[in-house]
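Below: the structure, in structure tokens.
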Amino acid sequence: MDAVRISRVNKTFGQDVVALNNVDLNVPEGELFFLLGASGCGKTTLLRMIAGLEKPDSGKIYFGERNVTQVPTHKREATMMFQSYALWPHMTVGENVAFGLEERGIDGDELVDRTLEALKGVQLEGYEDRRIDQLSGGQQQRVALARALVVRPKCLLLDEPLSNLDAQLRMEMRGEIRRIVKEYGLTAVYVTHDQEEALSVADKIAVMNNGRIEQVGTPEEVYRWPRTKHVASFMGETNMMKGKVDWIVRDNEEGYVVRAISNAGEILQGVVTDKSWKPQVGEMVVASMRPEMVKFDDSGDVINQVSGKVLQRVYQGATIQYLLKSVDGIYLQVSVMNPRKLKEPGEQVSITARQQDVVILKP
Amino acid sequence: MNKSKATIITVLVTLFFGYFFLYPVFEILKVAFQDGSENFTFDYILNVFTNPNYLEGLWNAFTIGLTSTMVTFLIALPLALASYRWIFPGKKWLTILILAPLVLPPFVGAVGVKHILGVQGALNAFLIDLGMMSANAPTDWLGKGKFWGVVMMNALHLYPILFINILAALNKLDPAMEQAAQNLGASPWTRFRKITMPLCMPGVFAGAAIVFIWSFTELGVPLVFDYTRVASVQIFDGIKDLSSNPTPYALVAVMLFISALVFSLSKLIFGNNSLGTSPRPKARYTQNTLTGFKGWLLASAFMFVFVIAAVPHFGVLFLSVSGDWYGSIFPESMTMTHYNDALGHPVVVGSIKNSLIYSLGATFLDVVLGVAIAWVIVRSKIWGRNVIDTLMMLPLAVPGLVLAFGYRALSQEGESFDFLVFATGNPVILLVLAYAVRRLPYVVRAAVAGLQQSDPVLEEAAQTMGASPRRTFKRIGLPLIGSSVAAGAILAFAFAMLEVSDSLILAQQTEHYPITKAIYALLSTLGNGHELAAALGVWAMIFLAVAIAGAFVLLGKRGGNLFKL
């Protein structure tokens with residue numbers, strides 16, 4: 001069953017700033033669900049709407065079977081962890097964590113036990129009497145998490161929870177948040193603009209752009225089978241080449257495979273990921289291939305083979321990044337794992353990619 | 001925040017404000033500009049400017065305002081700069097101490113000054129003792145220099161306002177501004193002249209405008225010094241034949257225009273200029289610690305300013321315990337009888353009770369209205385909340401004298417405020433309203449500042465945790481802004497306790513006198529009137545000291561915020 005269901009939600013700020021445009025979304029129970037997108041794409045607005053801090057202009061929000069669209073924040077049982085943590089400076093760590101329990105009429109031993117247990121859960125045992133300004137950023141983040149978790153919410157909402165931490169701590173806390181959410185068996189909606197964070201932690205990712213949800217899927221699906229150009233480029237480095245369709249290679253229930261010819265005559269062949277779209281012969285399309293899906297090859301295999309010149313080489317230890325310029329004048333990235341032999345700038349090379357690693361998208 | 005609640009609050013506060021602030025002001029203007037048959041006329045205003053007495057009074061008031069502001073600036077600027085740049089021994093306490101004169105009643109201090117600078121005063125006695133003056137021909141310092149007496153009393157009372165404003169402007173300054181100039185080779189003096197000072201001008205002018213309006217319309221001090229050739233006193237005297245003569249109205253209108261003009265100019269020129277400031281400077285100015293001789297020198301400079309500002313009040317203290325203080329440096333003998341007499345005196349006891357009732361009532365009204373309206377201004381998104389914000393600041397531009405005059409005129413029999421005065425003539429409601437309206441800006445400012453500093457996310461967090469809006473306000477909103485509101489409330493209370501113009505003009509019968517009017521009345525009583533007035537003044541100061549000390553305890557280490565306007 002879906003823990004949270006968003007149905008045709010619209011939201012406009014002021015006269016013409018469209019924050020959410022007819023958004024539909026289902027968050028399955030017990031999943032760690034990510035809303036991913038660049039700043040201004042509407043992801044935080046959507047999260048705040050689930051929390052009840054914003055009201056939709058139209059559309060409905062369901063928690064399970066219950067329509068909560070008009071239910072005020074404090075009756076939703078959806079606790080939120082804020083980007084700035086929003087810890088109350090006039091209360092101690094313990095008082096901050098106990099707040100939600102007190103509001104639910106819990107007192108006495110249970111209040112104390114559950115507060116201490118929650119602090120223990122985030123590895124802050126013995127910190128209950130500290131003041132908030134005596135904590136480091138990472139500790140504050142844990143208190144905010146404990147405060148949101150202690151009331152055992154129906155849904156945990158996280159608004160860029162790691163953006164105020166340094167890189168090292170961010171890596172640690174990613175795993176920590178996933179562990180805790182899974183341990184409590186929670187449904188969680190997590191907002192971030194960091195695609196790496198989303199790919200490594202999420203059960204499912206919804207990629208947002210301009211107030212719309214462009215694609216929902218597992219990390220692998222959105223990375224390997226992006227359905228739009230925006231998703232393809234937002235999820236990581238990719239090479240995009242334009243071509244004109246000249247043959248529908250395959251056309252069955254498994255989907256379409258399309259061949260297109262670029263300006264320079266290169267043959268681009270790949271899989272169409274957008275199920276609602278059937279390219280026609282003569283239509284312009286874009287072929288997207290990830291740098292690590294491309295390899296150097298001059299065996300004469302004509303499919304997806306591109307010739308060019310090495311412009312630049314960046315050595316990164318485990319991988320080497322090459323920047324090429326194709327015959328057509330297009331810049332291409334190639335990432336090679338730990339090779340024995342390096343290509344030199346200026347060298348003429350050919351690259352190729354397998355048909356199943358190339359995605360054909362609407363231009 | 002709930003939009004309908006915000007609208008209700010806005011409408012209620014606007015109505016309150018319109019009826020008890022704008023309407024009286026409007027009524028004064030009506031009388032000043034309408035002749036007998038309700039036609040528009042400039043005659044009464046012209047009367048003011050053609051009457052040599054009124055002209056002189058206005059000119060004196062204006063020059064007192066201007067000179068007081070300049071002297072205030074000369075005192076406040078070095079103090080603010082020193083406090084911004086250096087750390088010195090006892091800085092924390094000294095910075096609070098030099099703010100104290102703001103709540104020491106200058107009107108009471110003036111009584112002390114008379115006994116220090118008068119013909120038979122302490123200064124002359126001292127000079128005669130030193131042999132620098134002939135005992136037969138003592139100088140009448142105040143007789144010659146009433147003007148400068150008023151200026152000094154104003155300046156010594158009001159410099160904290162400017163000090164706070166300049167210091168706030170300095171603290172808002174991005175330290176990188178000065179560092180960049182330093183980096184490009186500017187000397188400290190050039191830096192100050194070309195960078196620091198220009199960037200602080202908005203703060204300086206905001207404070208200076210308030211100081212000017214305050215001293216331009218000051219009533220208490222000139223009254224005690226018998227300085228009758230000043231507009232405020234002329235208006236006060238004009239109240240006696242209010243119904244027959246429109247000229248006092250015209251004079252009030254002129255003072256209102258000048259005040260409003262100064263206030264708008266300071267807002268227009270510097271109001272929205274936030275050049276070079278950052279709301280939260282990334283780096284604070286690194287203050288140098290002055291140790292040893294230099295540090296103590298600076299500390300004593302601060303102490304010196306406080307002592308000078310407090311001299312009049314020491315005079316009051318001496319007067320209140322003096323058995324006989326006439327023609328000597330210090331009182332010849334000490335006695336506590338005035339305190340006993342004062343506590344047995346019906347006017348004195350009644351006035352303390354009255355002042356407490358009036359001031360507490362006004363403060364309560366201010367807190368309720370101020371917090372509600374601040375909430376609307378900061379947290380709601382309703383249309384026109386910026387207009388409300390500006391509206392709430394207007395009482396700073398309208399002299400107390402003007403409002404008191406308006407209330408007085410409107411509370412006459414048959415006028416629209418008549419119902420506010422009981423059949424017995426008890427002005428309690430009128431005074432509470434008058435005190436409240438004029439002190440509302442302090443509470444609104446304080447609450448707005450508190451709300452702006454507390455992130456709305458803190459309240460949203462509480463709501464997602466299951467707290468209803470009401471509970472959220474109680475547990476998160478109020479505690480977070482509580483100290484700011486308390487500070488504003490204490491300031492409002494302190495200013496209400498010392499209020500002069502409303503009190504003198506609106507309280508008619510002895511049993512309704514607040515402290516200030518009681519002091520004024522005692523001063524004109526023969527016998528031990530002066531000593532009783534001084535004793536009452538000391539009582540008033542003790543009350544204020546206790547109130548403010550209580551506030552500091554309440555606010556803990558943030559006590560310094562108490563005086564931030």
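Each chain gets a letter, A, B and so on, in the order the sequences are listed, and its residues count up from 1.
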Task: A:Y127 six-ring face occupied by A:R130 cation (under 6.0 Å, within 45°) - done: yes

Open item on the list: Need one label for A:R76: side chain, backbone, both or neither, based on atoms under 4.5 Å from any heavy atom in chain B.
Closed with: neither

TODO: Verify whether one side chain among B:E460 and A:T73 offers a donor that lies under 3.5 Å from an acceptor in the other.
DONE: no

Open item on the list: Testing the 3.5 Å rule here: is there a donor-acceptor pair between the side chains of A:Y190 and A:E197?
Closed with: yes

- [ ] Side chain from CB out, backbone as N, CA, C, O: work out which of these in A:F99 comes under 4.5 Å of a heavy atom of chain B, or both, or neither.
- [x] both

TODO: Would you mind checking which part of A:R48 comes under 4.5 Å of any heavy atom in chain B, side chain (CB onward), backbone (N, CA, C, O), both or neither?
DONE: side chain

Open item on the list: Under a 3.5 Å distance rule, please check whether A:N67 uses its side chain to pair with a backbone N or O of A:T69 as donor and acceptor.
Closed with: yes

Task: Greatest number of heavy atom pairs closer than 4.5 Å to chain A - which of B:D455, B:I476, B:T472, B:V457 - done: B:I476

Open item on the list: At a heavy-atom distance under 4.5 Å, which candidate from A:E77, A:M81, A:E102 has the highest pair count against chain B?
Closed with: A:E102

Task: Crowding at CD, A:E183 (>12 non-hydrogen neighbours, <6.0 Å) - done: yes

Task: Which atoms of A:T79 approach chain B - backbone, side chain, both or neither, heavy atom under 4.5 Å - done: both

TODO: Classify the side-chain pair A:R5/A:N26 by whether it contains a donor and acceptor separated by less than 3.5 Å.
DONE: no

Task: Contacting moiety of A:L157, where chain B heavy atoms sit under 4.5 Å - done: neither

